[in-house]
Number of protein chains: 2
Amino acid sequence: MLDDDVKSLSKTHQRCSSCPVRHRAVCSKANADELALLDTVKFYKTYQPGQTIALRGDALEVLASVVTGTATLSQSMEDGRTQIVGLLLPSDFIGRPGRDTVAHDVTAVTEVTLCCFRRIPFENLMVDMPHVSVRLLEMTLDDLDAARDWMLLLGRKTAREKIASFLLLIANRSVMAGSDVTTQGIRIELPLSRETMATYLGLTIETVSRQFTALRKDGLISLDGTRTVVVPNFTALSAEVGDGE
Amino acid sequence: MLDDDVKSLSKTHQRCSSCPVRHRAVCSKANADELALLDTVKFYKTYQPGQTIALRGDALEVLASVVTGTATLSQSMEDGRTQIVGLLLPSDFIGRPGRDTVAHDVTAVTEVTLCCFRRIPFENLMVDMPHVSVRLLEMTLDDLDAARDWMLLLGRKTAREKIASFLLLIANRSVMAGSDVTTQGIRIELPLSRETMATYLGLTIETVSRQFTALRKDGLISLDGTRTVVVPNFTALSAEVGDGE
DNA sequence: CAACCGCCTTGACCGAGGTCAATGGCCGCT
DNA sequence: AGCGGCCATTGACCTCGGTCAAGGCGGTTG
């Protein structure tokens, strides 16, 4: 994973103390000693939008935390049908200790910066970093819950419910990140194109588009350009999701 | 979780040495000391087919390994639409250390026997059982992979592909468990009713039924009663799955 | 042995969402 | 300004799988 031949990537080393995901990533519970250990094996890499970060079946040499940007985890069939099985956002962890191949394709959506650890040294250090392994188990359990919630969406929700669920997911996140909440409503930037959303939601691009216009005509959202959505009434949109949030 | 008031459950204590899942469950890497620790907090419980083992939102007081039988993990919407998000088979682990509520409904499909651990003592013991925590992380990562594979099935596969995938899943498992492989083909017992399969595959019961007859008419399977399937040509059925197995 | 019940199958119909194709905006480039 | 590329939207049509409804089959009960 993490192809070394790519021209566009930069390698820098940053202080953990100024890291934007210091308090949420796999290292969030690490003490000073543990951070010092991590520091000995970590390095940064940057990927451009659309760039492949890793392919299913590749040798798994590097584990990483997302520092900035958005990436996708996806799974494909031979005929090209593909399903995004996870969104990777800042603080999310990529790769699995104890495995030697990559399980899913990883692709950069925006520009992505990773904080990387070579796998073998990281695994060896894990026994000396109990807070890191505990945090990793915790994050993996969270990912598992998220994956299972998404299974309900993929298997049972209608197109409209899928779009509403997705918008609320992004809205919740961007509110947490401290974005625009005005009297006009909540203003959110979509990190994904229509096509990527479709791949995430198990829909086609046309259906995504049609549902956006349907929600707009029903007054549940308004669009400012193609990537900015204003949600005037959060509760009204929540009612479209189908389940109890 | 694990309702204590139910009449039909039995509580026994068994020797780990004769446990059928000793080499695959969360305790599989435990040494003698660790097993002795587990022994101090473990007890058995049995549930009848259809019985609820735990409900989403319940206080999570007990963690458990499935010893025998089949159970489902499921997620429901207010209007009753439900999706099975995981199958629990012998050696699978239920519950998550570090959480205090149940995340998904757990239901017995067949008679189920669990090897239970009270959560708090188990969590406290975890620090003294490194092999158990490592194994738990490993199993959780496997579950996550399985969940993500299932997302591809739910989001992108046709009804026929879903059924074929499911049959191969069960076939693979029953071959591993050492079941009937004759010159007539592989004989498999379905652990689930049509309805439960439908809930697992994101289909309706009618569609499941129709696809079974379609596969039968195409000579890919033959049915012996309603719960026994014979697969004469494993490779031919594999071709119906759509992806590279 | 008839009545019943749970589960499965089959048929007729319908509709949500996929497919195919044309059109429209936005932006950078010359 | 004009052109071309990319992405999004819209429309017309079709199909897969859902819905509704009617049996069928096997096992159990009186």
Side-chain angles (χ1 to χ4, degrees), chain A residues 48-50 77 79-83 109-110 152-167 189-218 221-229 240 242, chain B residues 48-51 70 72 77 79-83 107 109-110 152-167 189-218 221-229 240 242:
Chain A
Q48 295 309 307
M77 298 171 61
D79 63 6
R81 279 176 284 173
T82 106
Q83 176 65 50
V109 172
T110 62
L152 177 66
L153 178 143
L154 292 175
R156 297 296 174 189
K157 290 193 180 179
T158 64
R160 167 181 271 242
E161 288 167 342
K162 287 178 177 184
I163 299 288
S165 302
F166 174 75
L167 289 176
E189 282 305 305
L190 301 178
L192 306 181
S193 68
R194 298 288 186 266
E195 164 140 57
T196 313
M197 279 186 255
T199 311
Y200 191 30
L201 297 170
L203 296 171
T204 59
I205 186 172
E206 294 94 332
T207 300
V208 171
S209 191
R210 278 189 256 269
Q211 294 301 331
F212 266 96
T213 55
L215 289 174
R216 184 166 48 71
K217 283 180 179 159
D218 294 347
I221 60 172
S222 59
L223 295 173
D224 181 2
T226 179
R227 289 291 192 111
T228 306
V229 178
E240 298 294 328
Chain B
Q48 295 308 306
Q51 212 181 330
T70 305
T72 59
M77 297 170 61
D79 62 6
R81 280 177 284 174
T82 106
Q83 176 65 48
T107 311
V109 172
T110 61
L152 177 65
L153 177 143
L154 291 175
R156 298 296 173 187
K157 289 193 180 179
T158 63
R160 167 180 270 242
E161 289 167 341
K162 287 178 176 182
I163 298 288
S165 301
F166 174 74
L167 289 176
E189 282 306 306
L190 301 178
L192 307 181
S193 68
R194 297 291 128 102
E195 164 140 57
T196 314
M197 279 187 253
T199 312
Y200 192 29
L201 296 170
L203 296 172
T204 59
I205 186 172
E206 294 95 331
T207 301
V208 171
S209 189
R210 279 189 255 271
Q211 294 300 329
F212 267 96
T213 57
L215 289 174
R216 186 165 48 70
K217 283 181 179 159
D218 295 348
I221 61 172
S222 58
L223 295 174
D224 182 2
T226 180
R227 289 290 191 110
T228 308
V229 178
E240 298 294 329

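Heavy-atom basis, side chains included; hydrogens, waters and symmetry copies ignored. Here is the naming used below: chain letters follow the sequence lines, and residue numbers restart at 1 for every chain.
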message: Below the 4.0 Å mark, does C/dG17 have OP1 or OP2 next to a side-chain nitrogen or oxygen of A/T204?
response: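 Checking C/dG17 against A/T204, no side-chain N or O comes under 4.0 Å of OP1 or OP2.
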
message: Mind checking if B/S209 touches a base, just sugar-phosphate, or nothing, with heavy atoms under 4.0 Å?
response: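 If one applies the 4.0 Å heavy-atom cut-off, B/S209 turns out to touch a base.
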
query: Could a donor-acceptor pair under 3.5 angstrom be found where the side chain of A/E206 meets the base of C/dC20?
result: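 Counting by modelled atom types and ignoring angles, a donor-acceptor contact under 3.5 Å is found here.
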
- prompt: Has the side chain of B/R210 got a donor or acceptor atom sitting under 3.5 Å from an opposite partner on the base of C/dG11?
  reply: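 Pair found.
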
What is the distance from [atom1] of [X] to [atom2] of [N], rounded to the nearest Å?
X      : N      : atom1 : atom2 : result
B/K217 : C/dT9  : NZ    : C1'   : 10 Å
B/R216 : C/dC8  : CZ    : P     : 15 Å
A/R160 : C/dA16 : CZ    : P     : 12 Å
A/L201 : C/dG18 : CG    : P     : 11 Å
B/D224 : C/dC8  : CG    : C1'   : 15 Å
B/Q211 : C/dT9  : CD    : P     : 12 Å
B/L203 : C/dG17 : CG    : C1'   : 16 Å
B/L192 : C/dC8  : CG    : P     : 10 Å

State the [atom1]-[atom2] distance between [X] and [Y], to the nearest 0.5 angstrom.
X      : Y      : atom1 : atom2 : answer
B/L153 : B/S165 : CG    : OG    : 5.0 Å
A/S193 : A/R227 : OG    : CZ    : 5.5 Å
A/L190 : A/L167 : CG    : CG    : 6.5 Å

Minimum side-chain heavy-atom gap [X]-[Y] below 4.5 Å:
X      : Y      : answer
A/L154 : B/Q83  : no
A/T158 : A/Q211 : no
B/M77  : A/K157 : yes

- prompt: Quick one: how far along DNA chain D does chain B reach, first to last nucleotide 5' to 3', anything under 4.0 Å to a heavy atom?
  reply: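 Terminal contacting nucleotides, 5' to 3': D/dG17 to D/dC20.
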
message: If you assign each of A/T213 and B/V208 to its closest nucleotide in DNA chain D, which residue comes earlier from the 5' end?
response: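 Whichever sits nearer the 5' end wins; that is A/T213.
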
Side-chain donor/acceptor pairs under 3.5 Å, residues 197-206 of chain B, sequence neighbours excluded:
unit_1: B/T199; atom_1: OG1; unit_2: B/E195; atom_2: O; d: 2.9
unit_1: B/T204; atom_1: OG1; unit_2: B/T207; atom_2: N; d: 3.4
unit_1: B/T204; atom_1: OG1; unit_2: B/T207; atom_2: OG1; d: 3.1

